Novice: 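Once you've had a glance at the structure underneath, I'll fire off some questions.
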2 protein chains.
Amino acid sequence: MLRCPPMLIDSLTHPTPDALLAFLRAHLHARVTLHLAGEVEVLYAGRAASMAEAGDRLLLLKPDGSLQVHGPRGVKPVNWQPRTDHLSAELEGGCVVLHAERRSPAEVVRVRVIGCAQVTALHLGDEALFLLQGSEAQMQRALARAPHLIEDGLTVLDRELLVGVGGIDLYARDAQGRYVVVELKRGKAGHDAVHQLGRYVDAVREQVPGNVRGILAAPDITVPALKVAQAAGLEYVKVEALPQVPEEALQPTLF
Amino acid sequence: MLRCPPMLIDSLTHPTPDALLAFLRAHLHARVTLHLAGEVEVLYAGRAASMAEAGDRLLLLKPDGSLQVHGPRGVKPVNWQPRTDHLSAELEGGCVVLHAERRSPAEVVRVRVIGCAQVTALHLGDEALFLLQGSEAQMQRALARAPHLIEDGLTVLDRELLVGVGGIDLYARDAQGRYVVVELKRGKAGHDAVHQLGRYVDAVREQVPGNVRGILAAPDITVPALKVAQAAGLEYVKVEALPQVPEEALQPTLF
DNA sequence: ACGTTAATCTCGGTC
DNA sequence: GACCGAGGTTAACGT
């Protein structure tokens with residue numbers, strides 16, 4: 001009675017090209033995650049085009065067909081392919097070559113495996129529960145429930161109100177009955193946030209008569225962005241992204 | 001005489017917590033890339049906060065201190081930490097726990113390894129040559145050399161001209177002597193590109209007398225963005241991001 | 001399929 | 001350190 005399939009399915013060290021090909025063929029379309037360390041050469045063509053000369057790299061192939069080629073630095077892969085439509089392995093001139101293609105956008109990544117130090121097939125199982133705190137969506141919910149954190153007397157009329165293109169984070173009315181467009185940012189707000197707010201305020205002004213205010217609500221704002229906002233008659237209000245956590249919860253004992 | 005250090009340094013399958021700890025301690029700060037497959041629980045706190053319940057995951061630890069935790073889908077890790085200041089492994093309640101911290105922004109990722117199926121230490125060597133074609137920088141160079149691709153009679157005065165904040169991609173003069181601000185996009189241009197162009201044009205108009213034109217040069221543009229551009233008196237010119245490749249080069253024989 | 005936006009965006013450059 | 005903008009951004013969501 002195998003309730004939890006074994007995570008480590010198969011692994012080879014320093015396989016020959018033939019052995020590697022057989023390994024890949026056996027696992028490529030088996031809802032399995034593959035990990036390969038080796039010397040590799042990568043060609044990419046699609047929205048752009050790139051070529052990486054032979055070098056030691058780490059490949060990751062997930063069951064959704066996504067492929068990533070990692071170098072020795074950084075979180076970002078050197079080359080990648082998100083969710084492919086077609087994945088194949090062939091022998092070309094004595095080397096295993098991986099093809100990862102997708103349409104829309106039409107892109108192909110071609111990986112030539114010159115040498116393989118280790119290849120492993122794993123079963124990563126289902127995704128486990130994941131909770132994120134401090135997203136803009138959470139901030140939006142919290143402020144919709146407690147709009148006084150933005151301004152006293154504010155009444156929220158709508159969330160994610162679609163106006164022309166794009167959605168207004170919070171659409172509200174202030175104590176004097178003026179309409180208020182609120183744009184939220186979970187981090188430091190920059191030019192882009194001010195422009196976004198300005199665009200929404202303009203759109204609302206075209207549709208409703210009377211005064212319309214624009215408020216940028218964020219935990220911080222860049223100095224230039226604040227100037228631009230003020231020059232455009234838009235307001236900035238400081239709000240915290242993460243709900244205040246009681247001091248006790250931060251004590252190391254609870255970790 | 002070891003000119004190329006061996007890529008595969010060490011590997012364990014199903015190590016005990018003690019063996020895993022020893023393995024990690026031995027390799028963590030040895031300019032080595034570590035790969036670990038196992039059941040894992042992750043806490044993150046910093047710009048936001050997250051927790052991931054125990055699940056099968058794949059860890060990547062690079063010599064620059066970057067850490068990523070991959071699930072069964074997507075290019076993006078479930079949790080990550082780019083370039084840490086401090087990395088450590090300890091035994092807590094019978095489980096190996098990894099800490100990856102950085103200041104600025106102050107963030108910490110804590111990975112509890114409940115079970116380890118495989119852990120491998122690799123040497124990924126130096127980065128190999130990487131060439132990317134079709135970046136905006138390349139496009140900028142190409143169009144600066146051949147501005148007629150944007151418009152006949154255009155003379156490029158400057159590239160990346162700093163005006164207020166941000167840089168104008170191409171600053172030019174047209175056949176009639178009017179100043180032209182060109183904003184480039186390597187892909188489809190959207191609202192943001194139009195706003196960016198508008199901002200630069202406004203900044204130039206404040207500094208020079210006379211008519212100032214704004215041209216958005218991109219291989220494509222969204223319909224709404226085109227409308228906004230036209231309404232704002234800005235122009236759109238279609239230019240290809242990738243230099244035209246001769247048909248022969250695309251023939252499969254050359255692959 | 002298209003358009004828009006958030007993201008723990010990452011990453012690099014410049015002031 | 002702050003700020004800005006590119007990115008093969010990715011990924012999710014809505015129409």
Side-chain angles (χ1 to χ4, degrees), chain A residues 42 44-50 64 66 68 73-83 102-109 132-140 160 162-169 183-193 196 199-200 220-225 241-242, chain B residues 42 44-50 64 66 68 73-83 102-109 132-140 160 162 164-169 183-193 196 199-200 220-226 241-242:
Chain A
V42 187
Y44 154 75
R47 287 165 294 179
S50 79
D64 65 350
S66 64
Q68 41 196 311
R73 299 183 338 161
V75 170
K76 248 184 66 179
V78 183
N79 283 104
W80 69 93
Q81 188 77 286
R83 208 182 25 251
R102 63 165 169 167
R103 316 165 175 82
S104 184
E107 294 190 302
V108 57
V109 171
L132 179 69
Q133 206 159 80
S135 67
E136 194 188 291
Q138 278 211 349
M139 205 175 154
Q140 193 183 111
E160 290 295 343
L162 293 176
V163 53
V165 285
I168 293 174
D169 288 339
E183 171 65 26
L184 301 179
K185 283 296 158 206
R186 65 165 306 284
K188 191 179 265 202
H191 283 128
D192 48 346
Q196 212 174 328
R199 195 153 56 84
Y200 295 151
D220 203 357
I221 187 168
T222 70
V223 174
L242 286 165
Chain B
V42 187
Y44 154 73
R47 289 165 292 179
S50 78
D64 65 351
S66 64
Q68 41 197 309
R73 300 183 339 162
V75 170
K76 250 185 64 180
V78 183
N79 283 104
W80 70 92
Q81 188 78 286
R83 206 175 35 246
R102 64 165 169 168
R103 314 166 177 81
S104 186
E107 294 190 302
V108 58
V109 171
L132 179 69
Q133 207 159 78
S135 67
E136 194 188 290
Q138 277 211 351
M139 207 176 152
Q140 193 183 111
E160 290 295 342
L162 293 177
V165 287
I168 294 175
D169 288 337
E183 171 67 24
L184 300 179
K185 284 296 159 207
R186 66 164 305 284
K188 191 178 266 204
H191 282 129
D192 47 346
Q196 215 173 323
R199 194 154 56 86
Y200 295 150
D220 204 357
I221 187 169
T222 67
V223 174
L226 182 58
L242 285 165

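First the proteins, then the strands, lettered A, B, ... as listed; each starts at 1. Note that the structure is a prediction, hence the values are computed from the model and not measured.
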Novice: Should the side chain of A:Asn79 and the base of D:dG8 be counted as holding a donor-acceptor pair, with the cut-off at 3.5 Å?
Specialist: yes
Novice: So what does A:Val108 hit on the nucleic acid, given a heavy-atom distance under 4.0 Å: a base, only sugar-phosphate, or nothing?
Specialist: nothing
Novice: Quick one: A:Gln68 CD to D:dA11 C1', roughly how many Å, whole number?
Specialist: 14 Å
Novice: For B:Leu184, does its backbone N or O pair with a side-chain atom of B:Asp169 as donor and acceptor, under 3.5 Å?
Specialist: yes
Novice: Can you confirm whether B:Pro224 sits close enough to B:His191 that some side-chain heavy atom of one is under 4.5 Å from a side-chain heavy atom of the other?
Specialist: yes
Novice: Closest nucleotide of DNA chain D for B:Gly166 versus for A:Pro82: which of these residues is on the 5' side?
Specialist: B:Gly166
Novice: Give one of base, sugar-phosphate or nothing for B:Gly190, where a contact means two heavy atoms less than 4.0 Å apart.
Specialist: nothing
Novice: Can you tell me how far P of C:dT4 sits from CD of A:Glu136, to the nearest Å?
Specialist: 17 Å
Novice: Determine whether a donor-acceptor pair (N or O, by modelled atom type, separation under 3.5 Å) exists between the side chain of A:Arg186 and the backbone of A:Gln138.
Specialist: no
Novice: Taking for each residue the nucleotide of DNA chain C with the nearest heavy atom, is it A:Glu183 or B:Val223 whose nucleotide lies nearer the 5' end?
Specialist: B:Val223
Novice: To the nearest angstrom, how far is B:Glu160 atom CD from C:dT14 atom C1'?
Specialist: 11 Å
Novice: Should A:Val42 and A:Ser50 count as side-chain neighbours, where that means a heavy-atom distance under 4.5 Å?
Specialist: no
Novice: Could you give the distance separating C:dT5 and C:dC9 at their C1' atoms, to the nearest angstrom?
Specialist: 12 Å
Novice: Should A:His191 be listed as having a side-chain N or O under 4.0 Å from OP1 or OP2 of D:dC3?
Specialist: no
Novice: How is B:Gly167 classified with respect to the nucleic acid when contacts are heavy atoms under 4.0 Å: base, sugar-phosphate, or nothing?
Specialist: nothing
Novice: Determine the contact category for B:Pro224: base if any of its heavy atoms lies under 4.0 Å from a base atom, sugar-phosphate if only primed atoms, P, OP1 or OP2 are that close, otherwise nothing.
Specialist: sugar-phosphate
Novice: Please write out the pairs of protein N or O atoms and N or O atoms of nucleotides 12-15 of chain D separated by less than 3.5 Å, giving the distance to one decimal.
Specialist:
| residue | atom | partner | partner atom | Å |
| --- | --- | --- | --- | --- |
| D:dA12 | OP1 | B:Arg73 | NH2 | 3.4 |

Novice: Closer than 4.0 Å, any side-chain N/O of B:Gln196 to the OP1 or OP2 of D:dA6?
Specialist: yes
Novice: For DNA chain C, whose closest nucleotide is more 5', that of B:Lys76 or that of A:Val75?
Specialist: B:Lys76
Novice: Between C:dA7 and D:dG7, how far is it from one C1' atom to the other, in whole Å?
Specialist: 13 Å
Novice: Determine yes or no for a side-chain-to-main-chain donor-acceptor pair under 3.5 angstrom, with A:Asp64 supplying the side chain and A:Arg83 the backbone.
Specialist: no
Novice: To the nearest Å, give me how far apart CD (A:Gln138) and P (C:dT5) are.
Specialist: 22 Å
Novice: Distance check: side-chain N/O of A:Trp80 vs OP1/OP2 of D:dG8, anything under 4.0 Å?
Specialist: no
Novice: With a 3.5 Å cut-off and no angle check, do the side chains of B:Gln140 and B:Glu160 form a donor-acceptor pair?
Specialist: yes
Novice: With hydrogens left out and only the distance checked, is there a donor-acceptor pair under 3.5 Å joining A:Gln81's side chain and the base of D:dG8?
Specialist: yes
Novice: Just the rounded figure in Å: distance from P of D:dA2 to CD1 of A:Ile221.
Specialist: 15 Å
Novice: Please confirm whether the shortest side-chain N or O distance from B:Lys185 to OP1 or OP2 of D:dA6 is below 4.0 Å.
Specialist: yes
Novice: Closer than 4.0 Å, any side-chain N/O of B:Thr222 to the OP1 or OP2 of C:dT4?
Specialist: yes
Novice: Establish, from distance only, whether the side-chain atoms of A:Tyr200 and A:Glu183 form a donor-acceptor pair under 3.5 Å.
Specialist: no
Novice: Given D:dT9, is OP1 or OP2 found less than 4.0 Å from the side-chain N or O atoms of B:Arg186?
Specialist: yes
Novice: Taking the nucleotide of DNA chain D with the closest heavy atom to each, which residue, B:Ala137 or B:Ser104, is nearer the 5' end?
Specialist: B:Ser104
Novice: OP1 or OP2 of D:dG5 less than 4.0 angstrom from a side-chain nitrogen or oxygen of B:Arg199, does that happen here?
Specialist: yes
Novice: Which heavy atom of A:Val109 sits nearest a heavy atom of A:Tyr44, and at what distance?
Specialist: CG2-CD1, 3.9 Å
Novice: Just how far, in rounded Å, is C1' of C:dT5 from CG of A:Asp169?
Specialist: 9 Å
Novice: Do B:Gln196 and B:Lys185 come within less than 4.5 Å of each other through their side chains, counting heavy atoms only?
Specialist: yes
Novice: I want to check one thing: is the phosphate of D:dG7, taken as OP1 and OP2, less than 4.0 Å away from some side-chain N or O of A:Arg47?
Specialist: no
Novice: Respond yes when some side-chain nitrogen or oxygen of A:Lys188 is under 4.0 Å from OP1 or OP2 of D:dC3, and no when none is.
Specialist: yes
Novice: Look at all strands and tell whether A:Ser135 reaches a base, only sugar-phosphate, or nothing, counting heavy atoms closer than 4.0 Å.
Specialist: sugar-phosphate
Novice: With sequence neighbours excluded, what pairs up with B:Asp192 under the side-chain hydrogen bond (donor to acceptor under 3.5 Å, both in side chains) test?
Specialist: none
Novice: Rounded to whole Å, how long is the line connecting atom CG of B:Asp192 with atom C1' of D:dT9?
Specialist: 13 Å
Novice: Grab the OH-C1' distance between B:Tyr200 and D:dC4 for me, whole Å please.
Specialist: 8 Å
Novice: Between D:dC4 and D:dG8, how many Å separate the two P atoms, rounded to a whole number?
Specialist: 22 Å
